[in-house]
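Since the model is a prediction, treat every value here as computed from it, not as a measurement. The sequence lines fix the lettering, A, B, ..., with proteins before strands; numbering per chain opens at 1.
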Amino acid sequence: MSITPAVQFDLHRRMVRIRLFEEAAGRLAEAAKLPGFLHLYVGEEAVASGICGALNDDDHITSTHRGHGHLVAKGGDFNRMMAELMGKSTGYCKGKGGSMHISDLSLGMLGANGIVGAGSPIAVGAAFANKYRGRGQVAVAFFGDGATNIGAFHEAANMACALHLPIVFACENNEYGEFTPRDKTMAITDIVDRAAGYGMPGVIVDGMDVIAVHEAALEAVAKARAGGGPSLIEAKTYRFYNHHGVQNLGLKYRSDDEVAQWKERDPIFTLEDRMIENKVATRQQFDDIWAELRNDIEVAIKFAEDSPLPTSDQVLVDVYSANGGN
Amino acid sequence: MSITPAVQFDLHRRMVRIRLFEEAAGRLAEAAKLPGFLHLYVGEEAVASGICGALNDDDHITSTHRGHGHLVAKGGDFNRMMAELMGKSTGYCKGKGGSMHISDLSLGMLGANGIVGAGSPIAVGAAFANKYRGRGQVAVAFFGDGATNIGAFHEAANMACALHLPIVFACENNEYGEFTPRDKTMAITDIVDRAAGYGMPGVIVDGMDVIAVHEAALEAVAKARAGGGPSLIEAKTYRFYNHHGVQNLGLKYRSDDEVAQWKERDPIFTLEDRMIENKVATRQQFDDIWAELRNDIEVAIKFAEDSPLPTSDQVLVDVYSANGGN
Amino acid sequence: MSDERKLPYVMAFNEAVSQALEDDPNVFCAGEDIGAFGGVFGTFGGLQAKFGVERVVDTPISEQAIIGLGVGAAVTGLRPIVDLMFMDFMCVAMDQIVNQAAKLKYMFGGEARIPLTITTAGGGGLSAAAQHSQSLEALLCHIPGLKVVHPATPYDMKGLMAACIREDNPTVMIKHKRLLGIQGPVPEERYIVPLGVANVVRSGNDVTIVAWGRMVHEVTAAAEKLAGEGIQCEVIDPRTLQPLDIDTIVASAKKTNRVVVVHEAVRFGGLGAEVAAQIQEHAFDYLDAPVGRIAAPFSPVPFSPALEQHYIPDAARIEAGIRSVLFRTPVGA
Amino acid sequence: MSDERKLPYVMAFNEAVSQALEDDPNVFCAGEDIGAFGGVFGTFGGLQAKFGVERVVDTPISEQAIIGLGVGAAVTGLRPIVDLMFMDFMCVAMDQIVNQAAKLKYMFGGEARIPLTITTAGGGGLSAAAQHSQSLEALLCHIPGLKVVHPATPYDMKGLMAACIREDNPTVMIKHKRLLGIQGPVPEERYIVPLGVANVVRSGNDVTIVAWGRMVHEVTAAAEKLAGEGIQCEVIDPRTLQPLDIDTIVASAKKTNRVVVVHEAVRFGGLGAEVAAQIQEHAFDYLDAPVGRIAAPFSPVPFSPALEQHYIPDAARIEAGIRSVLFRTPVGA
Ligand SMILES: Cc1ncc(C[n+]2csc(CCOP(=O)(O)OP(=O)(O)O)c2C)c(N)n1
Ligand SMILES: Cc1ncc(C[n+]2csc(CCOP(=O)(O)OP(=O)(O)O)c2C)c(N)n1
Ligand SMILES: [Mg+2]
Ligand SMILES: [Mg+2]
């Protein structure tokens, strides 16, 4: 690994933050304390962490229905996230967006998105603005394997290449779209095969290996920042829980074996083992990190639970900017 | 050429029919006798002819805004076509569709289409129905280079491959979308580079050489008919007239040189020269064919001019089928 | 009767589809996750096992191609049922719905038959936020060439779905997500609820309430409450939103002289506006009060249940709205 | 005055865009064929030559990505103008318009500013058939989060376009294809026609006519004819369709006691329904006749001029419609 220990710790921390946030959200959902849909990112932590670890605060990302991981990886605040998931007025979206629209524009996180594929054209817009301003910012579009079948993704990828924009397309290929395996919905195995059709380079990385993801991201981001145009990163990964919610609901669209095999490659534990083996870290250090972040989560849950619900007069607020241009 | 003389004559005839129809339409448009938009196919005759020459009557095609050529190549009737362009009640669409929606379902021509890219998903539906019925019919989707940038094309191509449907995607790459050259709107040179991203074979053919197009079509159609799934044919071609209408309007989006070079490769004259050289045909034979078809056009113009306009009571007819299922 | 067979709304849908698949070899279904999984709402549950992968087809996440698949298959002779998981996603496929499915027959001078049924799930109340909760029927009803149904009961669900499938024109069947589990009597045999015929859910002389989808149930609750005070509401559920059975509505308006329209969609530009406009056109001299409209306020659907409960009309707001039309105090949004 | 500067509608648009590009470095334009070619209607003519390829951008044929480009650039601080060549094509990009542009600010709890202007060309009368002639404003006006303008004159075009560009919310500017060439006075200096303010085109006491886009001109012709008979029409052009200046309309209705709404869109579910519904809500006791609606019949737009001339309302049909509201004979579609 050419990645410094400090960066390794940083990536590790991002992943653990995601894991803890998601598992807490899962528990709360099971306890019927979270309204609405919940799409957990557990298992895929290395992708968001490895890529967002290569970004600056003022770089932009667009996200998906499975968006908490991206926001956490970009530096999202647990308190405001948890409050949003509970529909509280202290949440990131004042309770108006919820899990599927969670966002933090100050961190360049342009929103989870309930429409599959819809984030990519918006990322193209952010990349355009970044090129236009010329301050070296880049944009990353996160999306799933299934999302590459939708027109919006295609148009975004082509336009980004035609306009030579500073953008990275980050595909989280977890082999399923909801409950349907990838091979029923496309005749190719690797999403990266689509890159050539737009005229951009594409690379496959092990999405369970945060260092590998990070290295690929560093390269693609550097290229974009330097005016080299778009690239595609396909990270092969897996979600450990169901499409939404926590349990598999006894639904046998994935075999127990398959799930178990992927879980053996847990991106966090794999990194920890490697760092210990390489004498970069000790078990005790990790224990401390987990404990510290567990505490942050407990604080966030309490913050969210204690926060007030939005009041009825808020329904009609925020539809339009008060200060139109006139 | 392994293509028999009879087939060569057939392909030639299709091309001449298109040329004559289009040039007549162009003259009528200049004389302000045709209402609405008119997108001429002149220059691209080899594509529709070479491909439709490989199809049976009960195979299906979907078309584009530049649709007359496809209908003529599929066997369209001059009288009803010309009447439609004039908005007459004897036209293919009783004057309701016009140039941009001309169609003949009995010939499997599922309509010109005013929305770029919208024909391809419909062709996928026809291909699905053909596979479902199992009578060996195939579908061909015609579209332009520009259309491959739109989401509908992408979704159609991917779905056709995922469902392994009997379909041929036929791209007429004339290097322009309206007044904008291809290289401003995509970072690739060959549309065929997109095929691999869907998992289908793709081939580039000289779209000014009807025999080459036809041979590629025979192969792709045979493959589809035999259950071998989709393919893409990219025909490099050129439109001799403006995007719509006849003249270039003095618009310098293409150089005179470029236009002249392509015109030298006129698909009809090229074929005629080859057939004469190969002693398959004589100039006299071609003269007779042109004369015969010119006469057909004159008849069609007269038919259309003599036909009645639709009456106002027809506005509300044909919105719904009278016999709903109930 | 107690031995009447009852089914949940979702299974009434399922049975209509299943019987159509049995009866007509040209019928097939396609959509995301509808095959092996049976649909995220269970609407297509068990059908692939029964009818095979050729007839109950899992598709990619490609709403434009899903509708296009339906249009192309319909115009070449099949009778497709294609599914858009959530009504909000029709925006992704709007061109195929509005510019293709709805217009093909007309553009081709009548030379086409498009026996296509598009099924989808609309409505809020599940904290599914702004992109998974909309009621967008007004967008569809404005487009000549489409027929639109939105059943409120399991009985109507089965009968209207059967009618849609047999119809030779493109139809959109809107299921309401919050009604999927409601039980009601559903005959096992095949039957049709004809398109374009309203249902008078409840008779009354004092005021006419026009409502559809889940709102029918909220209106009924309000009507029952008012009945306790001697106020008799006539509740009309058009069931088919396009073509709209305006005659039944106008006849009722002429009888009661007061009308309230209730819908879950945003009030401005909602279908209630058309209903109100037509009532005042056709029953102007009979009206004792302006036609009232109870609907969602002018905002996207909020996520938090604390907000959403104030967004979607409920029995209490409907009751208040009815009173204001009866007593001519201002009607809320 | 004879020395007033006149410009065609299309150049009034062009000048508003040009001045915005001059004034604000965050303004840029993107769309199909708008750069080197200047737009198929000439709307962006000369702007790329003046402001460069970075600021007047030719895009692929990718309407979803075009709107997305605008949304993403707007939310990250620019002030984009993105073009959809024909209004019909908004169906291709509907998700980005309806589910993204319109909702982002709300979904994000107000933490977003979307100063995005979408420009497009609507309306019929060019024999452009069913997919290039629609007036789909009703679909947009039903969506909270969008503002919609549709100018009838060169003066309003420049002022409304300038207002749209300066607005911090997503706006849709609908040009009318048949108005592109009409001339009218347009000051050279910068000015704004404020969003949400109707224009009383003509004052009168006998009947109020509400119309927008090209219909304003047909209505004016009808009103002039009727004036010859002593019938004085008050003609109101809302100019902004969302938010609608209902106060001005209702005040006029209370004065004239009779109202006719005229639009080019299909009557059923058109914006005229909302106008009629609101007038009867707010001016019920003032109305001497039902609010009349003159609009397109319930079919796609036909191609043949022989049919289209019966489809789009014209001065003669409007005149007849006004008479039927004045004398309470039935109003045609
Ligand atoms: C346009 C659209 N179609 C369908 C859906 C329903 N849906 C939500 S998530 C999902 C699967 C997405 O698969 P993928 O892109 O691979 O992401 P993953 O869930 O695997 O992370 C689907 C079909 C949607 N939200 N939007
Ligand atoms: C969705 C959509 N966007 C834009 C247009 C306007 N338009 C009509 S033809 C055309 C160019 C199409 O280019 P291409 O697909 O290469 O076909 P060609 O005209 O070159 O044959 C465009 C942009 C349209 N009709 N539909
Ligand atoms: Mg996936
Ligand atoms: Mg082209």
Side-chain angles (χ1 to χ4, degrees), chain B residues 60 62 84 89 91-98 100-106 108 110-115 117-133 137 139 150-152 154-160 162-163 310 314 316-326, chain C residues 25-26 28 30 54-55 57-80 82 92-93 95-96 99-100 102-116 144-145 147 162-171 192 194-196 243:
Chain B
H60 300 105
T62 60
E84 188 57 36
S89 65
Y92 262 117
C93 313
K94 303 185 196 155
K96 286 177 176 164
M100 264 194 294
H101 307 295
I102 204 155
S103 60
D104 184 346
L105 299 193
S106 72
L110 307 181
N113 207 311
I115 305 294
S120 292
I122 297 173
V124 169
F128 179 92
N130 291 340
K131 182 178 180 187
Y132 190 91
R133 272 186 297 258
Q137 295 154 275
I150 206 163
H154 173 76
E155 296 190 6
N158 181 66
M159 189 181 282
L163 303 181
Q314 292 304 301
L316 280 168
V317 175
D318 297 327
V319 183
Y320 296 101
S321 289
N323 54 338
N326 302 312
Chain C
N26 285 330
F28 75 95
E54 286 79 21
R55 298 188 69 197
V57 181
D58 279 313
T59 67
I61 308 173
S62 306
E63 279 79 7
Q64 296 190 67
I66 290 170
I67 305 295
L69 178 74
V71 174
V75 78
T76 57
L78 300 188
R79 197 167 280 278
V82 296
V92 181
D95 177 66
Q96 286 289 331
N99 289 331
Q100 312 300 331
K103 294 185 173 41
L104 235 57
K105 181 181 171 62
Y106 190 82
M107 294 189 304
F108 294 178
E111 295 295 318
R113 230 174 31 131
I114 322 275
L116 166 67
K147 298 189 177 183
C164 285
I165 300 171
R166 293 196 208 170
E167 167 77 27
D168 277 351
N169 297 292
T171 54
I192 288 279
L195 301 184

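- For a residue to count as touching a neighbouring chain, one of its non-hydrogen atoms must lie under 4.5 Å from one of that chain's; by this rule B/L105 touches chain C with the side chain only.
- For chain C, the option among B/K94, B/K96, B/K131, B/M100 with the highest count of heavy-atom pairs below 4.5 Å is B/K96.
- Considering only heavy atoms from C-beta on, B/M159 comes within 4.5 Å of C/I66 through its side chain.
- Contact tally against chain C (heavy-atom pairs below 4.5 Å) for B/L110, B/L163, B/V317: the top residue is B/L110.
- Residues B/E155 and B/P121 form no side-chain contact, since every pair of their non-hydrogen atoms from C-beta on lies 4.5 Å or further apart.
- Residue C/V82 does not touch chain B at all, counting heavy-atom pairs closer than 4.5 Å.
- Contact annotation: the side chain of C/R79 approaches that of C/R113 to within less than 4.5 Å [non-hydrogen atoms, C-beta and beyond].
- Between C/L195 and C/A163, the shortest heavy-atom distance links the atoms CD2-CB, 3.8 Å.
- Proximity to chain C is absent for every atom of B/D104, based on heavy atoms less than 4.5 angstrom apart.
- When B/G108, B/A129, B/A162 are compared by the number of non-hydrogen pairs under 4.5 Å with chain C, B/A129 comes out ahead.
- Proximity of C/Q96 to B/I115: side-chain heavy atoms (C-beta onward) are nowhere separated by under 4.5 Å.
- For the pair B/N113/C/Q100, a side-chain contact is recorded, criterion being any heavy-atom separation below 4.5 Å from C-beta on.
- Using a 4.5 Å heavy-atom cutoff, the side chains of C/T76 and B/R133 are in contact.
- Highest contact tally toward chain B, considering only C/P144, C/P170, C/G109, is held by C/G109 [criterion: heavy-atom pairs under 4.5 Å].
- Contacts with chain B were tallied for C/G145, C/G77, C/P80; C/G145 has the most, counting heavy-atom pairs under 4.5 Å.
- C/P25 touches chain B through its backbone: at least one of N, CA, C or O sits under 4.5 Å from a heavy atom, while the side chain does not.
- Of the two parts of B/A123, neither the backbone nor the side chain holds a non-hydrogen atom closer than 4.5 Å to a non-hydrogen atom of chain C.
- No other option in C/E111, C/Q64, C/K103 has as many heavy-atom pairs under 4.5 Å with chain B as C/Q64.
- Checked against salt bridge (charged side-chain N to carboxylate O under 4.0 Å, His left out), C/D58 has the following partners two or more places apart in sequence or in another chain: A/K184.
- Here the side chains of C/R55 and B/Y132 are in contact, with some heavy-atom distance below 4.5 Å.
- Ranked by heavy-atom pairs shorter than 4.5 Å toward chain B, the options C/L104, C/L78, C/V57 are led by C/L78.
- The parts of B/Y320 that come within reach of chain C are both its backbone and its side chain, each placing non-hydrogen atoms under 4.5 angstrom from that chain.
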